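Keep in mind that what you see is a predicted model, and the values were worked out from it rather than measured. When reading the values below, keep in mind they use all heavy atoms of this one structure, side chains included, and skip hydrogens, waters and symmetry mates.
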Amino acid sequence: MSLALEVSPAEQTASPARIQQLLYSSRRVATGLHWNDSSDWLRQDSAWTRSLWQDDRLVGLLACTPPHAGCTWLQVCALADDVDAAHAFPDLWLGLRPVLQQRGVREVHLLGGGQDWLRACLPASGFAIGEQVITLGRPLHTAPPCPSGPGDIRLATDDDLEPLLALDEAAFPPHWRMPARDIRRALRRAASFTVLELEGVVCACQITTRDQSEAHLSRLAVHPDHQGLGHGSRVLADVMGRSRRRGLTSLSVNTQKHNRRSLRLYRRFGFQHTGPDYKVWSQRLPEVVAVI
């Protein structure tokens with residue numbers, strides 16, 4: 001198949017209908033988790049997208065999140081079933097990588113990559129496995145009482161945006177941080193978004209989503225200056241109680257396999273390893289040196 005790489009943003013050359021046709025008709029589609037569905041997200045952030053064409057037929061798509069803290073995540077990787085992935089994926093990546101470098105991106109990550117076709121392409125394009133993310137869970141037929149302690153646990157509001165950004169920056173490495181747009185979306189869409197406020201300072205928070213009767217703890221953060229004081233236990237116990245009272249039957253959570261502090265906390269609250277587990281593929285991009 002003769003392929004031509006389209007180097008302009010996909011939305012300037014591909015209609016939403018064509019993108020959706022590729023995403024829904026191909027078996028080779030890998031997407032990451034995001035607060036928006038893929039159609040909304042691609043329309044809003046098309047500058048970080050590259051497409052692959054055979055004549056006037058869209059046969060490939062590679063899209064990443066808008067960079068934050070010098071990092072981005074590959075969010076959509078899709079190829080038509082009759083395309084040679086060993087050539088098509090590198091073409092897409094080589095079309096997108098220079099744009100990221102010029103915009104100051106230093107790290108690119110992909111969560112998952114479990115499909116055979118993608119797993120075979122990633123090493124040849126310079127990606128390597130870094131972290132491993134595991135899934136834990138527990139039923140909610142019982143929930144522990146919330147431990148007492150200083151400060152108040154309350155629902156997060158728009159007024160908490162700046163404190164939440166500061167908490168996130170202190171608690172997580174750059175590639176795991178949430179930009180302001182994602183925190184705003186979480187404030188609108190999360191099943192539960194609470195903060196622990198102590199003497200006017202937001203020192204811990206959690207974000208929980210839901211899928212029918214199941215809850216997922218997508219974020220639990222405690223400021224490093226306040227760790228080891230039981231705040232994480234209080235926030236976790238509180239959201240477990242909230243979820244149970246809303247009739248949710250289980251709570252799951254993801255954490256890094258090497259994060260012993262988090263694993264101790266979750267296991268103390270009865271969480272067990274359930275899977276699925278994910279690999280984080282990463283690539284560090286060299287800095288572009290300006291020629292004077």
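- Interatomic distance, CG of D182 versus OG1 of T65, reported as 8.0 Å (0.5 Å rounding).
- To the nearest 0.5 Å, atoms CG (L22) and CG (L58) are separated by 5.0 Å.
- For the atom pair Y278 OH and L110 CG, the distance stands at 12.5 Å (nearest 0.5 Å).
- Checked against the 6.0 Å centroid threshold, W73 and W176 count as a close aromatic pair.
- Put simply, the side chain of D81 gets close to the backbone of R27: a donor and an acceptor are under 3.5 Å apart.
- Rounded to the nearest 0.5 angstrom, D238 CG and L196 CG are separated by 9.0 Å.
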Does the side chain to side chain contact (heavy atoms under 4.5 Å, CB included) test come out yes or no for L285 and R97, once each step is laid out? CA-CA 8 Å; L285 303 182; R97 186 176 66 183; 3.8 Å; yes
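- A side-chain donor-acceptor contact under 3.5 Å links S25 to the backbone of Q21.
- At a threshold of 4.5 Å between non-hydrogen side-chain atoms, the residues L198 and H231 count as touching.
- Within the 4.5 Å cutoff, no side-chain heavy atoms of V253 are placed close to those of L220.
- Counting non-hydrogen atoms of other residues, nucleotides and ligands closer than 6.0 Å to CG of D225 gives a total above 12.
- For the pair R219 and F172, the cation-pi test (distance below 6.0 Å, angle within 45°) is passed.
- Minimum heavy-atom separation, V222 to A171: O-CB, 3.8 Å.
- Looking only at side-chain heavy atoms (C-beta outward), I134 and L136 come within less than 4.5 Å of each other.
- Atom CD of Q115 has more than 12 neighbouring heavy atoms from other residues, nucleotides or ligands inside a 6.0 Å radius.
- Here the shortest heavy-atom pairing between C203 and L167 reads O-CD1, 3.9 Å.
- Between S233 and R268 the shortest side-chain heavy-atom distance falls below 4.5 Å.
- Counting only heavy atoms from C-beta outward, the side chains of L164 and C205 approach each other to under 4.5 Å.
- Distance alone, capped at 3.5 Å, is enough to place a donor-acceptor pair between the R181 side chain and the P66 backbone.
- Formation of a donor-acceptor pair under 3.5 Å by the T135 side chain with backbone atoms of T274 is not found in this model.
- Taking the side chain as every heavy atom from C-beta outward, L62 and F89 approach each other to under 4.5 Å.
- Within 6.0 Å of CZ on R267 lie no more than 12 heavy atoms contributed by other residues, nucleotides or ligands.
- Between the R234 side chain and the P150 main chain, a donor and an acceptor come within less than 3.5 Å of each other.
- No side-chain donor from either of T208 and R242 sits under 3.5 Å from a side-chain acceptor of the other.
- Between P123 and A120 the shortest heavy-atom distance is CD-O, 3.9 Å.
- Transitive grouping of hydrophobic side chains (ILVMFWY, heavy atoms separated by less than 4.5 Å) keeps V195 and L217 in distinct clusters.
- Judged by distance alone, with hydrogens and angles left aside, the side-chain atoms of Q283 form a donor-acceptor pair with the main-chain N or O of S125 at under 3.5 Å.
- Across all non-hydrogen atoms, the minimal contact from L251 to F271 is O-CE2, 3.4 Å.
- In the hydrophobic clustering of ILVMFWY residues, with side-chain heavy atoms under 4.5 Å counting as a link, I129 and L122 come out together.
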Set out, in order, the CA-CA distance, both residues' side-chain angles and the distance that settles side chain to side chain contact (heavy atoms under 4.5 Å, CB included) for D160 and R154, then state yes or no. CA-CA 11 Å; D160 294 315; R154 58 170 176 80; 2.8 Å; yes
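- A237 and F269 make their closest contact through CB-CE2, 3.7 Å (heavy atoms, listed as atom of the first residue, atom of the second, distance).
- Atoms CD and CG, from Q227 and L265 in turn, are 11.0 Å apart once rounded to the nearest 0.5 Å.
- The main-chain N or O of L248 is never found under 3.5 Å from a side-chain atom of S243 such that the two would form a donor-acceptor pair.
- Between the Q101 side chain and the P286 main chain, a donor and an acceptor come within less than 3.5 Å of each other.
- Counting only N and O atoms by type, the side chains of S192 and Q206 include a donor and acceptor under 3.5 Å apart.
- What you find for A78 and L23 is that their closest heavy atoms are CB-CD2, 3.8 Å.
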Going through the checks in order, is the side chain to side chain contact (heavy atoms under 4.5 Å, CB included) test met by I207 and M178? CA-CA 12 Å; I207 304 172; M178 290 181 69; 3.9 Å; yes
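- Between the side chain of R18 and the backbone N or O of R57, no donor-acceptor pair lies under 3.5 Å.
- Counting only heavy atoms from C-beta outward, the side chains of R138 and M240 approach each other to under 4.5 Å.
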Determine, step by step, whether C64 and L96 satisfy the side chain to side chain contact (heavy atoms under 4.5 Å, CB included) criterion, reporting the C-alpha distance in whole Å, the side-chain angles of both residues, the deciding distance to 0.1 Å, and the verdict. CA-CA 9 Å; C64 64; L96 183 59; 4.2 Å; yes
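- Side-chain contact between W48 and R103 is present, with at least one heavy-atom pair separated by less than 4.5 Å.
- Residue L263 is grouped with residue V239 when hydrophobic side chains (ILVMFWY) are merged at heavy-atom distances under 4.5 angstrom, including chains of intermediate members.
- A donor-acceptor pair under 3.5 Å is absent between the side-chain atoms of S252 and the main chain of H216, judged by distance alone.
- With rounding to the nearest 0.5 angstrom, the CG atom of L74 is 8.5 Å from the CG atom of L118.
- Cluster membership for I19 and W53, using ILVMFWY side-chain heavy atoms within less than 4.5 angstrom, is shared.
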